Amino acid sequence: MEYNFRDIEKKWQEKWKEQKAYEVSNNSVRPKYYVLDMFPYPSGTGLHVGHPLGYIASDIFARYKRLQGFNVLHPMGYDAFGLPAEQYAIDHGIHPAVSTDQNISNFRKQLDNIGFSFDWSREVRTSDPKFYKWTQWIFLKLFESWYNRSTKKAESISTLEAIFEKEGNLKIGRTQSAAGGNESGSIDFSADQWKSFDEKQRQDILMNYRLAFCGYGEVNWCEALGTVLANDEVINGVSERGGYPVVKKKLRQWYLRITEYADRLLEGLDTVEFSDSMKEMQTNWIGKSYGAEIDFHLTPNPSPSGDSFLRVYTTRPDTIFGVDFMVIAPEHELVEKITSAEQQKEVEGYLSYVKSRSERERMAEKKISGVFTGTYAENPFDGRKIPVWISEYVLAGYGTGAIMGVPCGDERDHKFARHFKIPITNIIGKHYDGVEANPTKDAILENSGFLNGMIMRDAIEVVLQKLESMKIGQRKVNYKMRDAAFSRQRYWGEPFPIVWKDGIAEPLPESELPVLLPHLDELKPGPDAEGPLANLDSWKHYKGGIREVNTMPGYAGSSWYFLRYMDPHNENEFCDRQASDYWNQVDLYIGGTEHAVGHLLYSRMWTKVLFDLDFIGYDEPYRKLVNQGMIQGSSRFVYRFDYKLNDGVNLNAENPVLISHPIVEKFKENEKGLAEFIVSKVDQFNSQDASKIFASSAITGLHIDVNLVSGLELDLAGLRNWRTEYENAYFIMDDGSVVKPGESSTSTYTCGAEVEKMSKRYYNVVNPDDIVMKYGADTYRMYEMFLGPVEQSKPWETQGIEGVHRFIKKLWRLFYDDMKGKVWNEEKASEAELKILHKSIKKIGEDTERFSFNTGVSGFMIFVNELSDIKCSKKEILEPLLILLTPYAPHVAEELWHLLGNSTSILDATYPKANEKFLVETSKNYPVSINGKVRTQIDITLDASQQEVEQIILDNEIIKKWLNGGAPKKIIYVKNKMINVVL
RNA sequence: GCCCAGAUGGCGGAAUUGGUAGACGCGUCAGACUCAAAAUCUGGUAUUGGCAACAAUGUGCAGGUUCGAUUCCUGUUCUGGGCACCA
């Protein structure tokens with residue numbers, strides 16, 4: 001009876017499905033555990049071997065928890081709205097709904113192959129009206145709420161209206177809407193004024209407080225394509241498709257007021273188990289800083305427009321005497337007003353350059369650019385005139401969109417000053433070397449007026465007080481984070497439940513949800529930079545108004561989907577409160593670091609809002625987060641010998657010459673030698689003038705399909721069949737022999753290799769279906785884990801999978817032998833066998849617990865190797881082994897479990913516990929070092945004292961040799977670790 | 001440019017709290033079984049020198065702390081992820 005994984009895996013996958021083995025109930029006396037994978041987008045290219053890495057890890061943990069007696073929720077579904085499907089529709093004329101469905105069924109087939117324990121009865125899709133009804137519903141809640149800074153939580157907008165009725169906004173103040181604020185509503189008013197406002201004015205004001213609000217923001221606009229482009233569709237200022245120019249355009253946009261949650265998003269990090277680096281990234285993204293806004297007089301004063309102040313934001317008011325220039329963002333409202341007549345032309349030129357630059361480019365640019373406005377600001381303390389510049393390295397959205405440049409203390413400012421030859425004032429004495437800026441806070445101030453002699457750290461407070469008393473500045477907490485843009489000029493997303501009437505956004509009543517996404521045959525952009533929905537007049541005009549034609553962005557559905565899994569079929573609520581209370585937070589969330597700031601912050605914010613409004617009982621969605629690394633592809637190369645004759649004809653087109661990697665390496669420093677070698681080998685060159693070939697030869701590495709290569713060895717016939725261009729190739733083999741078109745050879749051709757992203761265009765994609773077909777799901781699951789730590793990125797090499805496959809076959813042979821048949825027996829296990837068992841239970845259990853699945857797999861290998869060595873096939877040992885193995889290789893474990901005579905499923909077995917009794921040791925083989933270098937090992941009992949150990953050491957022959965008659969300075973003995981003799 | 005992470009044999013990796021660097025697997029070499037092959041089994045395999053015992057070197061690079069550093073600190077190089085409309 002041999003290990004037939006195809007039959008076994010098929011059999012159990014069908015049985016588990018039949019028995020609904022993975023369906024989980026919301027009512028259980030068992031403790032709950034919620035394991036979630038980050039929502040996948042069902043892309044058209046399907047899964048490659050890298051994608052399931054996290055799913056396998058989470059599946060192992062979910063199954064492990066189940067064996068430990070938990071009621072485990074482990075759902076899966078699809079983040080099905082998104083740009084790629086829409087682009088695919090535009091390119092191929094297939095409706096996104098259709099292609100998305102196809103992609104999902106393909107995805108599902110691939111997932112099913114791998115034997116996951118997902119409860120598919122809970123599947124959700126964000127593009128399903130039953131799901132997005134509730135996305136729209138939550139949007140309405142966001143729209144109908146504001147953030148009350150005194151209670152520090154979201155409240156119904158009606159409580160805000162009550163405040164306005166009573167006291168206007170004089171106490172609560174305006175909200176700051178850094179991202180595209182709504183200027184018309186940004187005013188101070190009293191209760192009486194509020195009462196006098198008409199509906200439009202009131203709604204404009206309320207809009208400035210809503211958690212989901214409308215404002216204006218810049219987008220990448222491509223006139224030629226007639227659409228707004230995503231950042232990654234813009235390359236070097238032109239569209240990726242077609243290479244058309246892209247400029248910034250201001251559009252009305254929806255936003256989420258995530259900035260109000262900045263502090264709570266920061267505080268919440270203390271209550272969750274994310275990696276420190278993840279917390280750091282989120283903290284930096286939120287970017288809370290304490291500083292000051294300072295007003296500088298402009299001069300000539302008033303400046304050409306009559307504006308007399310420039311307001312800058314700085315975190316270092318102590319450096320105010322070191323200010324040598326000001327920089328304002330190109331979008332700053334003062335730009336137009338303060339530009340002098342002489343500088344007009346230059347400024348205009350600069351602005352049009354900036355307009356063509358994406359924000360990404362602006363931030364990544366090392367090159368320094370900028371232009372002088374012709375206006376000066378005045379230092380309030382010493383009256384110095386400071387030139388005001390415009391530069392793209394200052395972004396309009398952050399702070400006041402203007403900074404004071406302190407070259408001696410900030411590297412960016414320093415480079416700017418050097419580049420434009422602006423004189424640098426040194427206020428930190430010898431801490432500044434004239435070559436590099438020094439951002440220290442510990443220097444003693446010089447050239448700093450009334451601050452002279454003060455330590456910078458202390459001067460901050462002194463300056464702040466002075467600024468406040470002079471009423472030219474105030475303390476200010478700033479956040480780098482901006483409000484989140486929440487609308488897209490696209491089709492394939494959730495429609496907004498909003499109708500515009502007379503410039504007022506009216507929410508549709510809950511009873512009208514879902515607002516269905518209407519069918520469109522053609523997804524061409526609408527007029528005036530609007531999305532495709534704007535083309536559908538019949539849908540657009542509604543209830544005497546005009547529907548919002550933008551749709552929601554990709555992250556809308558994924559911001560709350562973890563709640564829907566708890567109660568996926570509820571038609572009355574987004575999630576029943578009892579269900580969300582029972583399942584509570586996600587206990588384990590697995591996904592990539594690429595979501596570190598986007599998805600995670602958005603879903604954390606939504607959770608906080610739902611908590612504030614008392615729809616759920618916790619304000620952090622994910623209790624523990626584990627990041628999985630990426631699996632990279634391992635590309636394979638052949639090397640083409642290229643040359644041209646004087647007339648420019650490349651004679652290689654018909655018969656390319658492909659050189660093996662070792663030959664290329666051999667001639668690495670000797671191109672001419674290689675050309676000579678090739679010419680001497682290949683007969684097609686005989687008629688050519690060799691010197692011409694030498695003069696023009698080059699080697700080109702070409703990606704070839706990894707499936708044509710076994711390890712590094714090329715399948716020549718396979719390559720000839722793969723593409724016609726290789727059909728008549730000459731191959732220069734490792735040993736220097738030549739294989740002509742139509743010939744075969746016993747020599748090998750070794751390819752080059754490189755680690756790259758797994759991608760179609762590198763021909764290095766490996767499909768899990770192929771792996772499962774060849775080795776089975778159990779082998780694939782274990783191998784994927786065996787590759788290395790989950791969190792780390794690593795390349796995929798199909799070759800190594802043999803080892804894991806051999807392991808499973810070896811395990812099988814402990815139960816059944818090809819020749820002898822059944823070998824397992826019910827004999828009593830010996831002390832030594834029990835020791836192996838319990839050592840492994842401890843090792844594998846601990847490894848699984850700390851997500852060290854790669855060492856877990858190695859633990860299994862050691863376990864099975866040890867049992868094989870002592871020919872132990874006792875049921876008493878093998879049965880617990882199978883339970884340990886279930887999370888990793890469920891199919892083979894279930895099969896053997898039943899062959900051992902069990903009639904219930906192993907999925908619900910009880911996870912074994914390690915018995916310490918079998919693990920106690922009495923002595924240890926200590927490494928003994930001389931000066932930190934291990935020289936010998938000595939077996940010593942664990943209860944030995946320092947004195948006893950020293951005696952043993954001094955009596956040891958090898959140690960005596962090293963002591964050379966002398967006495968050691970010191971003997972360091974760390975119990976159960978090591979011994980070090982210091983000479 | 002800014003933020004985060006990583007770098008260990010020919011390859012993937014191990015070393016959980018500063019304590020025997022290279023577990024486990026791949027590859028490779030040698031051997032057993034076989035008419036042969038596959039499968040399987042046994043043994044070797046960081047580098048250098050040596051028949052060996054053993055010695056020297058060795059965790060990206062340059063320093064530092066320590067009896068002892070892959071692990072901690074400073075600096076640096078390269079690679080990967082993110083930078084707000086890919087998901």
Side-chain angles (χ1 to χ4, degrees), chain A residues 38-41 43 79 81-84 87 179 219-220 228-234 253 275-278 280-281 283-285 287 359-360 362-367 393 397 411-412 415 480-485 487-490 553-555 558 592-599 601 627 629-630 632 634 711-712 753 755 757 783 786-789 791-797 799-804 806-807 809-810 813 818 846-847 850 852 854-855 857-862 865 868 925-929 931-934 936-937 969-972 974 976-983:
Chain A
M38 280 187 192
F39 222 11
Y41 176 81
S43 91
D79 192 8
F81 276 134
L83 198 53
Q87 194 50 48
V219 294
N220 300 312
V228 175
L229 297 176
N231 277 336
D232 67 341
E233 294 178 299
V234 183
Q253 301 278 9
S275 68
D276 286 343
S277 60
M278 183 63 51
E280 212 170 320
M281 272 190 267
T283 303
N284 291 340
W285 180 265
E359 199 169 329
R360 181 84 55 90
R362 281 174 59 175
M363 287 188 297
E365 191 55 80
K366 290 183 219 177
K367 206 176 72 197
Y393 82 92
E411 193 47 39
R412 244 177 156 176
K415 291 204 170 109
K480 208 181 298 168
M481 183 168 64
R482 311 200 290 259
D483 281 330
S487 47
R488 302 289 182 262
Q489 291 68 45
R490 297 283 176 178
Y555 65 83
S558 61
T593 48
E594 66 271 22
H595 297 288
V597 284
H599 160 64
L601 282 174
N627 293 116
M630 292 234 251
Q632 293 142 319
S634 188
L712 289 172
V755 172
K757 204 171 120 180
Y783 181 56
F786 189 58
L787 278 175
E791 318 84 50
Q792 234 169 69
S793 293
K794 56 246 160 184
W796 173 270
E797 286 290 352
Q799 233 179 352
I801 200 169
E802 294 283 353
V804 174
R806 270 176 216 150
F807 152 76
K809 286 196 281 191
K810 193 166 181 180
R813 284 198 304 274
D818 287 359
E846 283 174 359
D847 283 349
R850 68 189 174 100
S852 179
N854 57 330
T855 55
V857 174
S858 126
F860 282 114
M861 288 173 169
I862 294 166
N865 286 346
S868 297
N925 192 253
Y926 280 93
V928 182
S929 312
N931 286 339
K933 262 199 186 350
V934 180
T936 187
Q937 276 115 36
K969 259 193 210 137
K970 206 201 281 185
I971 294 176
I972 292 156
V974 183
N976 210 5
K977 293 278 187 204
M978 46 60 72
I979 295 158
N980 188 18
V981 181
V982 185
L983 297 186

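A quick note: this is a predicted structure, and the numbers were derived from the prediction, not measured. Each chain gets a letter, A, B and so on, in the order its sequence line appears, and its residues count up from 1.
Under 3.5 Å, the side chain of A:N980 and the base of B:rC67 form at least one donor-acceptor pair of N or O atoms.
Across the protein-nucleic acid pair, A:M281 atom CE and B:rG82 atom P stand 10 Å apart, rounded to whole Å. For A:Y926 and B:rG19, the OH to C1' distance is 12 Å, given to the nearest whole Å. Taking atom CG of residue A:D847 and atom P of nucleotide B:rC24, one finds them 14 Å apart after rounding to whole Å. Going from atom CE of A:M481 over to atom P of B:rC3 covers 19 Å, rounded to whole Å. Protein atom CD1 of A:I801 is 12 Å distant from nucleotide atom C1' of B:rG25, rounded to whole Å. In this structure, A:R806 atom CZ and B:rU40 atom P are separated by 6 Å, rounded to whole Å. The interatomic distance linking A:F860 (CZ) with B:rG25 (P) rounds to 15 Å, in whole Å.
Taking the side chain of A:T593 as heavy atoms from C-beta on, and the options B:rA87, B:rC85, B:rG81, the nearest nucleotide is B:rG81. When the nucleotides B:rA87, B:rG25, B:rU57 are ranked by their closest atom to the side chain of A:K933, B:rU57 comes out on top. For A:Q937, counting side-chain heavy atoms from C-beta on, the closest listed nucleotide (B:rU20, B:rC85, B:rA23) is B:rU20.
A distance-only check finds a donor-acceptor pair linking the side chain of A:S275 to the backbone of A:M278 [under 3.5 Å].
Pairing for B:rG31 is with B:rC41, a Watson-Crick or G-U wobble pair whose two hydrogen-bonding atom distances lie under 3.5 Å. In this structure, B:rC78 forms a base pair with B:rG6, meeting either the Watson-Crick or the G-U wobble geometry with both donor-acceptor distances under 3.5 Å. B:rG1 is paired with B:rC83 under the criterion used here, namely a Watson-Crick or G-U wobble arrangement in which both key atom distances are under 3.5 Å. Here B:rC54 sits opposite B:rG49 as a Watson-Crick or G-U wobble pair (both hydrogen-bonding atom distances under 3.5 Å). Look at B:rC67: its Watson-Crick or wobble partner, with both distances under 3.5 angstrom, is B:rG19. Searching all strands for a Watson-Crick or G-U wobble partner of B:rA14 with both distances below 3.5 Å returns nothing.
Taking the P atom of each, B:rC72 and B:rG80 are spaced 24 Å apart, rounded to whole Å.
Between A:T855 and A:D847, the side chains place a donor N or O and an acceptor N or O closer than 3.5 Å (distance only, hydrogens not considered).
Nucleic acid contact class of A:M630 (heavy atoms, under 4.0 Å, all strands): sugar-phosphate only. Counting any heavy atom pair closer than 4.0 Å across all strands shown, A:P40 reaches no nucleic acid atom. Among the heavy atoms of the strands, none lies under 4.0 Å from A:Q87.
With the nearest nucleotide of RNA chain B identified for both A:N284 and A:P553, A:N284 has the one nearer the 5' end. Heavy-atom distances to RNA chain B give each of A:K415 and A:R488 a nearest nucleotide, and the one nearer the 5′ end belongs to A:K415.
Within the 4.5 Å cutoff, no side-chain heavy atoms of A:F39 are placed close to those of A:H599.
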Listing time: all N or O pairs from protein to nucleotides 76-79 of chain B that are below 3.5 Å?
none

Expected rows: protein N/O vs nucleotides 5-11 of chain B N/O, under 3.5 Å:
none

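Ring planes of A:Y783 and A:W796: perpendicular class, angle over 60° (limits at 30 and 60°).
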